[in-house]
*Asks:* 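Structure below; questions to follow.
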Amino acid sequence: MTLREVLSGRSTEVAPLLLGATVAANGVSIRLTEVEAYEGPDDPASHAYRGQTARNATMFGPAGHLYVYFTYGMHHCANVVCGEVGQATAVLLRAGEVTAGLEVARERRRTERDVDLARGPARLAQALGLTRDFDGTDLVTGAVRLVLAEPPAVFETGPRVGVSKAAEVPWRYWLPGERSVSPYRAAVVRPRGTARRDPRFGAPDARL
DNA sequence: ATTGAGATTTACT
DNA sequence: GTAAATCTCAATG
C-alpha cells in the first residue's frame with residue numbers, strides 16, 4: 001500500500017497511522033508522537049468549516065500534500081492532507097521527537113531541553129523550518145517527506161487541544177508515555193491581549 | 001505548578 | 001472589533 005493510498009482515507013482513520021511515522025524537511029527528521037484529525041466543512045473546528053479560501057486551499061486539494069498555515073500573527077503549523085479532492089480532511093502534526101538533524105533543530109528552536117524541540121504544533125513546524133513557502137508541498141516527491149512506520153500497537157485519544165467547538169470528539173491521538181507529547185490545554189474562553197482596556201478605570205475585565 | 005499578558009495574521013460579524 | 005488548531009516570558013503559589 002502506497003503512502004498516497006493510506007492517506008486517501010478520512011483524517012480520523014489516517015491520524016493513528018501517522019503515529020511513529022517520520023517527517024523530514026530542511027535537514028531535520030521528526031518521529032511523530034501526537035497528531036489531531038480535522039474533518040471538512042462539517043467540522044466546526046476545521047479551517048475548512050467556512051469553505052475554501054486562499055489560505056486553506058491546499059486542504060481542498062489531493063491527499064499527500066502539506067498544508068501549512070500561519071496563525072496568531074507569529075506561528076506556523078503543518079498538516080497532512082488526506083481524503084479525496086474537495087473533502088478537505090487533514091491531520092495536524094502536533095508533536096514529535098527529533099531523530100536526525102539535532103544540531104539544526106536546536107539552532108532553530110533555542111530551547112533548553114531537547115524534548116521541547118517539537119513539543120507542540122508551532123514548535124514542530126519551527127524545528128522543521130516550515131513556513132507558508134512549504135504549503136502545498138508533495139510529501140512523496142517534494143522538499144518535505146513523510147515516511148510511514150508500523151502502525152502503533154497501542155495509542156490513546158482525547159479531545160483536541162485549544163478547540164472550543166466540537167470539544168466532545170476525541171480526535172487527538174498520541175503515543176502513551178512519550179515525553180514529547182504536548183500538555184493538554186482546553187480552549188481559552190476569552191483570550192486576553194486583544195481586548196482594549198484602560199487601567200485608569202476599575203477592574204481589568206468585568207465580563208468574568 | 002499555574003496564571004496571565006503580549007506578539008499581531010487571517011477570517012468573519 | 002473579536003476570535004483563533006500557539007508559544008514565550010515573567011510573576012506568583
Side-chain angles (χ1 to χ4, degrees), chain A residues 10-12 14-15 18 23 30 32-60 66-83 88-96 105-106 108-136 157-174 179-199 203-208:
Chain A
R10 288 161 41 105
S11 62
T12 49
V14 175
L18 295 186
V23 224
I30 289 176
L32 300 174
T33 57
E34 179 188 4
V35 298
E36 274 176 2
Y38 285 87
E39 281 296 306
D42 294 331
D43 178 2
S46 172
H47 285 176
Y49 184 53
R50 292 178 174 89
Q52 184 171 339
T53 66
R55 180 219 220 179
N56 65 18
T58 300
M59 262 189 101
F60 288 81
L66 194 70
Y67 166 46
V68 182
Y69 68 89
F70 187 56
T71 191
Y72 287 100
M74 47 180 10
H75 297 301
H76 293 277
C77 297
N79 300 248
V80 172
V81 176
C82 305
T89 169
V91 177
L92 171 69
L93 309 181
R94 280 205 60 89
R106 283 177 183 145
R108 292 199 181 112
R109 290 274 307 123
R110 293 269 162 71
T111 180
E112 290 292 317
R113 304 147 61 214
D114 285 347
V115 72
D116 288 331
L117 286 172
R119 187 169 74 150
R123 291 165 168 179
L124 183 148
Q126 188 183 15
L128 288 172
L130 298 178
T131 64
R132 280 287 284 174
D133 291 344
F134 292 83
D135 180 55
T157 69
R160 294 176 289 187
V161 174
V163 168
S164 54
K165 305 279 189 178
E168 69 284 357
V169 294
W171 286 353
R172 175 193 186 214
Y173 305 77
W174 68 92
R179 291 186 311 163
S180 59
V181 173
S182 59
Y184 176 71
R185 301 262 179 274
V188 178
V189 183
R190 287 209 53 81
R192 270 79 67 188
T194 52
R196 188 176 61 77
R197 275 168 291 155
D198 191 326
D205 195 336
R207 284 166 295 192
L208 292 175

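Note that the structure is a prediction, hence the values are computed from the model and not measured. All chains are named by letter (A, B, ...) in the order of the sequence lines, taking the proteins before the strands, and each is independently numbered beginning at 1.
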*Asks:* When rounded to the nearest Å, what value does the distance between P atoms of C/dA3 and B/dA5 take?
*Replies:*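 Per the computed distance, 15 Å lies between those P atoms.
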
*Asks:* Scan A/Arg160 against the nucleic acid and name what it touches under 4.0 Å (heavy atoms): base, sugar-phosphate only, or nothing.
*Replies:*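 Nothing, no nucleic acid heavy atom in range.
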
*Asks:* How many whole angstroms separate atom OH of A/Tyr38 from atom P of C/dA4?
*Replies:*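 The answer, rounded to whole Å, is 12 Å.
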
*Asks:* Here's a test of your reading of the structure: between A/Pro44 and A/Gln126, which maps to the more 5' nucleotide of DNA chain C?
*Replies:* A/Pro44

*Asks:* Using whole Å, what does the distance between atom P of nucleotide C/dT8 and atom NE2 of A/His75 come to?
*Replies:*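 Going from A/His75 (NE2) to C/dT8 (P), I get 7 Å.
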
*Asks:* Expressed as a whole number of angstroms, how long is the span from A/Asp135:CG to B/dT10:P?
*Replies:* 12 Å

*Asks:* Taking the side chain of A/Phe70 as heavy atoms from C-beta outward, which of B/dC12, B/dT9, C/dA5 is closest to it?
*Replies:* B/dT9

*Asks:* When you check the side-chain N and O atoms of A/Ser182 and A/Arg94, is any donor under 3.5 Å from an acceptor?
*Replies:*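 A/Arg94 and A/Ser182 do have a side-chain donor-acceptor pair below 3.5 Å.
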
*Asks:* Round to the nearest Å and state the distance from A/Glu36 atom CD to C/dT6 atom C1'.
*Replies:* 12 Å

*Asks:* From the set B/dT13, C/dT6, C/dA5, return the single nucleotide nearest to any side-chain atom of A/Met59.
*Replies:* C/dA5

*Asks:* Would you say A/Glu39 and A/Ser11 are linked by a side-chain donor-acceptor pair, where the criterion is simply a distance under 3.5 Å?
*Replies:*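 Yes, side-chain donor-acceptor contact under 3.5 Å.
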
*Asks:* Under 4.0 Å between a side-chain N/O of A/Thr53 and OP1 or OP2 of B/dA11, yes or no?
*Replies:*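 For A/Thr53, the contact criterion (side-chain N or O under 4.0 Å from OP1 or OP2 of B/dA11) is met.
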
*Asks:* Taking any heavy-atom pair under 4.0 Å as a contact, classify A/Arg50: base, sugar-phosphate, or nothing.
*Replies:*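 Answer is sugar-phosphate: A/Arg50 comes under 4.0 Å of backbone atoms only.
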
*Asks:* Could you give the NZ-to-C1' distance, from A/Lys165 to C/dA5, as a whole number of Å?
*Replies:*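 It works out to 14 Å between those atoms.
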
*Asks:* Any side-chain N or O of A/Arg109 below 4.0 angstrom from OP1/OP2 of C/dT8?
*Replies:* yes

*Asks:* Once you measure the plane-to-plane angle for A/His76 and A/Phe70, does it fall in the parallel (<30°), tilted (30-60°) or perpendicular (>60°) bin?
*Replies:*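 The rings of A/His76 and A/Phe70 sit tilted, inter-plane angle from 30° to 60°.
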
*Asks:* Can you tell which of B/dT9, B/dT10, C/dA5 lies closest to the side chain of A/Val163?
*Replies:*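 Within the option list, the nearest is C/dA5.
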
*Asks:* Are A/Tyr72 and the base of B/dA7 stacked, counting only ring centres nearer than 5.5 Å and planes tilted under 30°?
*Replies:* no

*Asks:* For DNA chain B, which residues in residues 118-125 of chain A have a heavy atom at a distance below 4.0 Å?
*Replies:* none

*Asks:* Heavy-atom distance under 4.5 Å between the side chains of A/Leu32 and A/Leu124, does that happen here?
*Replies:* yes

*Asks:* Let me know the distance between NE2 of A/His76 and P of B/dA7, rounded to the nearest Å.
*Replies:* 18 Å

